[in-house]
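Since this is a predicted model, take the numbers as computed values, not measurements.
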Amino acid sequence: MPNIQWFPGHMQKARREVAEKIKQVDIVFEVVDARSPESSRNPMLLEMLQQKPIISILNKADLADSARTKAWVAAYQAEGREAIAIDAQHAKRLQQLPQMAEKVLAEKLARKRARGIRNPHVRAMCIGIPNVGKSTILNRLVQKNIAITGNRPGVTKNQQWLKASGNLELLDTPGILWPKFDDQEIGMKLALTGAIADKVFTADEVALWGVGYFQKNYAEVLRKHYGLTDEQMQSRPADIVQLLTKKFAYGEEFDRTAVRFINDVRKGELGRYTLEVPEDRA
């Protein structure tokens, strides 16, 4: 399995800034991709949070396998962590976040009110890896297009405070990966879902991994979408890529097939999917 890594200089700077600003916040909104909830959690950032309460936000739930999303939310809640699955693009369930934050911080806010602070502010830091939708979430919460958004990793480069409705203040941060993946399958998942810049990985390697995963977990949608026979579905991933290259009339350009498959997966052409289940952590 190839070694996929992406840690440009602005991420190193952002990591230092998170460490500096974490003392200023009450709670952390950790945004992950519902299609790979655990793999899109940055362990380097989690170590820096100094026991701050966390709400895990499984964004892009509209693209993820709904049954698996429910399983992940239940697993996180069973560990005593608040978690919610949302579709920030269409603002579904997004307005629950301020109420969830106040619930988590109820004791702290009660102490502030007891000291005479009538409407204590809640300061939240929004963290996550690239392209999980942090800026979209923040724009929906502040009801303005302030945070820069884009359907590619690495759009947000700087931190900024944003004022949401009520007493909620939000700190937007750039998407930050970590310098080395202990498990290269994590790199494959993040590359397939678009969290890593396309220039740093080889499309055919990621496509081969993706085809293999869909063969095992979402075989019927793979078969139907590409018009494969039951016999062809038993082939190795490399053979399936060759079959598709011929079907698409791409000649010997297997890399074109790889890029097309990756884009089909990202755009949801193969339906809703999730690349891991809570049991995988065991």
Side-chain angles (χ1 to χ4, degrees), residues 27-42 45-46 54-101 103-104 124 126-143 147 149-153 155-156 164 168 170 172-173 175 186 188-196 210 213-214 217-218 220-222 225 262-281:
I27 193 167
V28 173
F29 289 170
E30 180 199 24
V31 184
V32 300
D33 191 322
R35 298 168 297 177
S36 54
E38 195 70 9
S39 293
S40 56
R41 301 190 77 203
N42 185 334
L45 286 179
L46 296 177
I54 298 174
I55 296 177
S56 290
I57 303 168
L58 284 71
N59 192 26
K60 305 189 180 183
D62 56 313
L63 302 176
D65 181 325
S66 58
R68 289 188 173 188
T69 298
K70 290 178 182 177
W72 276 109
V73 170
Y76 288 144
Q77 290 176 340
E79 296 169 1
R81 178 163 22 112
E82 289 291 332
I84 183 172
I86 68 168
D87 167 16
Q89 198 66 41
H90 302 97
K92 290 184 178 178
R93 305 190 70 197
L94 199 54
Q95 296 308 320
Q96 294 183 32
L97 285 173
Q99 288 77 20
M100 290 179 70
K103 175 184 173 185
V104 172
C126 192
I127 66 167
I129 68 170
N131 206 26
V132 291
K134 298 183 304 301
S135 295
T136 299
I137 289 172
L138 296 179
N139 284 338
R140 296 290 186 271
L141 288 173
V142 301
Q143 299 179 4
T149 64
N151 190 25
R152 65 186 190 279
V155 173
T156 303
L168 181 62
L170 299 157
D172 187 14
T173 65
I186 292 175
M188 290 294 179
K189 294 172 186 176
L190 299 186
L192 188 59
T193 54
I196 295 176
Y213 191 88
F214 272 76
N217 296 272
Y218 299 102
E220 187 60 18
V221 294
L222 182 67
H225 184 73
I262 291 170
N263 287 334
D264 285 350
V265 170
R266 290 178 181 174
K267 292 185 295 184
E269 297 290 337
L270 275 71
R272 299 169 66 154
Y273 65 93
T274 300
L275 300 175
E276 52 199 12
V277 293
E279 293 75 16
D280 290 342
R281 294 182 297 174

Does any non-hydrogen side-chain atom of [Y] lie less than 4.5 Å from one of [X]?
X: Ile137; Y: Leu97; answer: yes
X: Ile57; Y: Cys126; answer: no
X: Glu38; Y: Trp72; answer: yes
X: Leu275; Y: Met188; answer: no
X: Arg35; Y: Arg272; answer: no

Residue pair [X] / [Y]: nearest heavy atoms and the distance that separates them:
X: Ile129; Y: Ala195; value: CD1-CB, 3.7 Å
X: Arg266; Y: Ala191; value: NH2-O, 2.7 Å
X: Arg140; Y: Gln95; value: O-NE2, 3.9 Å
X: Ala64; Y: Thr69; value: CB-OG1, 3.5 Å
X: Ser39; Y: Lys189; value: OG-CD, 3.3 Å
X: Arg93; Y: Ala85; value: NH1-O, 3.3 Å

Discussion item. Is there a side chain to side chain donor-acceptor pair (under 3.5 Å) between Ser56 and Arg81? Walk through the geometry before answering.
Written reply: CA-CA 8 Å; Ser56 290; Arg81 178 163 22 112; 2.7 Å; yes

If only side-chain N and O atoms count, and only distance matters, is there a donor-acceptor pair under 3.5 Å linking Asn217 with Arg68?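 Per modelled atom types, Arg68 and Asn217 side chains form a pair under 3.5 Å.
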
To the nearest 0.5 Å, what is the distance between [atom1] ([X]) and [atom2] ([Y])?
X: Leu94; Y: Leu141; atom1: CG; atom2: CG; value: 4.5 Å
X: Asp264; Y: Phe214; atom1: CG; atom2: CZ; value: 10.0 Å
X: Leu190; Y: Asn131; atom1: CG; atom2: CG; value: 10.5 Å
X: Ile55; Y: Lys103; atom1: CD1; atom2: NZ; value: 9.5 Å

**Trace of the side chain to side chain contact (heavy atoms under 4.5 Å, CB included) decision for Leu58 with Tyr76** = CA-CA 11 Å; Leu58 284 71; Tyr76 288 144; 4.2 Å; yes

Heavy-atom donor-acceptor pair, [X] side chain to [Y] backbone, under 3.5 Å:
X: Asp62; Y: Asp87; answer: no
X: Asn139; Y: Thr136; answer: no
X: Ser40; Y: Asp33; answer: yes

Chi angles and distances behind the side chain to side chain contact (heavy atoms under 4.5 Å, CB included) call for Val31, Val132
CA-CA 7 Å; Val31 184; Val132 291; 3.7 Å; yes

*asked:* Using the rule given for side chain to side chain contact (heavy atoms under 4.5 Å, CB included), can you reason through Ile84 versus Gln96, listing the C-alpha separation, both sets of side-chain angles and the distance that settles it, and then say yes or no?
replied: CA-CA 9 Å; Ile84 183 172; Gln96 294 183 32; 3.7 Å; yes

Mind telling me whether Tyr218 and Tyr213 have parallel, tilted or perpendicular rings, with 30° and 60° as the class edges?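 Judged by the thresholds at 30° and 60°, the geometry between Tyr213 and Tyr218 is tilted.
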
Notebook entry, point to check: Taking NZ, NE, NH1 and NH2 as the nitrogens, is one of them in Glu276 or Arg41 under 4.0 Å from a carboxylate oxygen of the other?
Noted result: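 Answer for the salt bridge query: no.
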
- Report the C-alpha distance between Asp172 and Leu170 in whole Å, list the side-chain angles of each, state the deciding distance to 0.1 Å, and finish with yes or no for side chain to side chain contact (heavy atoms under 4.5 Å, CB included). CA-CA 6 Å; Asp172 187 14; Leu170 299 157; over 6 Å; no

